[in-house]
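Each residue takes its place number in the sequence, starting with 1. These figures come from a predicted structure and were not determined experimentally.
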Amino acid sequence: MSVEGVLTAYFEAYNSEEPDRLAELLDKDVVLHSAAGTEQGLSTYLDAYRSRAAVFVDRMIPDRIEVNGDMATVTILNTLTARVDVPDFMGAPVGKGRQ
């Protein structure tokens, strides 16, 4: 599968809210760096994914995928919709149903 194919499959699995689909794509030693911190290992990543999915409908739609050697840059449209009232999301409250 091409790099673009793997990345497209990742976003489809992420948006499905089915952790098992993500697990099929990710290495057991996956490391994710984000504004929320670093998640190391598949079980840690999936636990954090489940926690996020319980609070937000999180949809990431790839707009552009650029591959250069062993690096890829993906430009995405990310929409978060709160499933519940969130008193503190990155320093601000977010009401249920808000994006």
Participant: Hey, could you give me each pair passing salt bridge (Lys or Arg N to Asp or Glu O under 4.0 Å) that has a residue in residues 5-15? Not counting sequence neighbours.
Facilitator: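 Checked against salt bridge (Lys or Arg N to Asp or Glu O under 4.0 Å) - neighbours excluded - no pair reaches residues 5-15.
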Participant: Using a strict threshold of under 4.0 Å (side-chain N to carboxylate O), is an ion pair present between Arg50 and Glu39?
Facilitator: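 A salt bridge is absent here (no side-chain N lies under 4.0 Å from a carboxylate O).
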Participant: Can you find a pair of side-chain heavy atoms, one from Val74 and one from Arg64, that are under 4.5 Å apart?
Facilitator: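 They are not in side-chain contact.
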Participant: Carefully, step by step, assess Ile65 and Thr73 under the rule side-chain contact (heavy atoms from CB on, under 4.5 Å).
Facilitator: CA-CA 6 Å; Ile65 299 172; Thr73 302; over 6 Å; no
Participant: Check whether Phe89 and Val55 end up in the same hydrophobic cluster, where Ile, Leu, Val, Met, Phe, Trp and Tyr are linked by side-chain heavy atoms less than 4.5 Å apart.
Facilitator: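 Shared cluster, yes.
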Participant: Just wondering, more than 12 heavy atoms not from Arg98 lying within 6.0 Å of its CZ?
Facilitator: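 No - once you tally the heavy atoms of other residues, nucleotides and ligands closer than 6.0 Å, there are 12 at most.
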Participant: Can you check whether Ala13's main-chain N or O pairs, donor with acceptor, with Ser16's side chain at less than 3.5 Å?
Facilitator: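 Yes: the side chain of Ser16 pairs with the backbone of Ala13.
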Participant: How long is the gap from OH on Tyr49 to CG on Leu26, to the nearest 0.5 Å?
Facilitator: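 So the OH of Tyr49 and the CG of Leu26 are separated by 10.5 Å.
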Participant: Would you please test Glu4 and Val6 for side-chain contact (heavy atoms from CB on, under 4.5 Å) and show each step?
Facilitator: CA-CA 5 Å; Glu4 292 91 343; Val6 170; over 6 Å; no
Participant: Kindly compute the distance separating OG (Ser2) from CG (Leu7), expressed to the nearest 0.5 Å.
Facilitator: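 Those atoms lie 8.5 Å apart.
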Participant: Would you please classify the geometry between the Tyr10 ring and the Tyr14 ring as parallel, tilted or perpendicular, with 30° and 60° separating the classes?
Facilitator: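 If you compare the ring of Tyr14 with that of Tyr10, the planes turn out tilted.
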Participant: Less than 4.5 Å apart, any side-chain heavy atom of Glu66 and any of Asn68?
Facilitator: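 Not touching, per the 4.5 Å side-chain cut-off.
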Participant: Using a 4.5 Å cut-off on heavy atoms from C-beta on, say whether the side chain of Leu32 contacts that of Thr38.
Facilitator: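 Contact flag for Thr38/Leu32 side chains = no.
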Participant: Identify each donor-acceptor pair in which a side-chain atom of residues 76-83 lies under 3.5 Å from a protein atom, sequence neighbours left out, and give them as a table.
Facilitator:
residue, atom, partner, partner atom, Å
Asn78, ND2, Asp58, OD1, 2.6
Asn78, ND2, Arg59, O, 3.1
Thr81, OG1, Gln99, NE2, 3.2
Arg83, NE, Ala53, O, 2.5
Arg83, NE, Phe56, O, 3.4
Arg83, NH2, Glu17, OE1, 2.8
Arg83, NH2, Glu17, OE2, 2.3

Participant: Kindly compute the distance separating CG (Leu25) from CG (Leu42), expressed to the nearest 0.5 Å.
Facilitator: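 It is 10.5 Å, given to the nearest 0.5 Å.
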Participant: With hydrophobic residues grouped by side-chain heavy-atom distances under 4.5 Å, do Val30 and Phe11 end up in a single group?
Facilitator: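 Val30 clusters together with Phe11.
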Participant: NZ/Lys96 to CG/Asp85 distance, rounded to the nearest 0.5 angstrom?
Facilitator: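 Rounded to the nearest 0.5 Å, the NZ-CG separation comes out at 8.0 Å.
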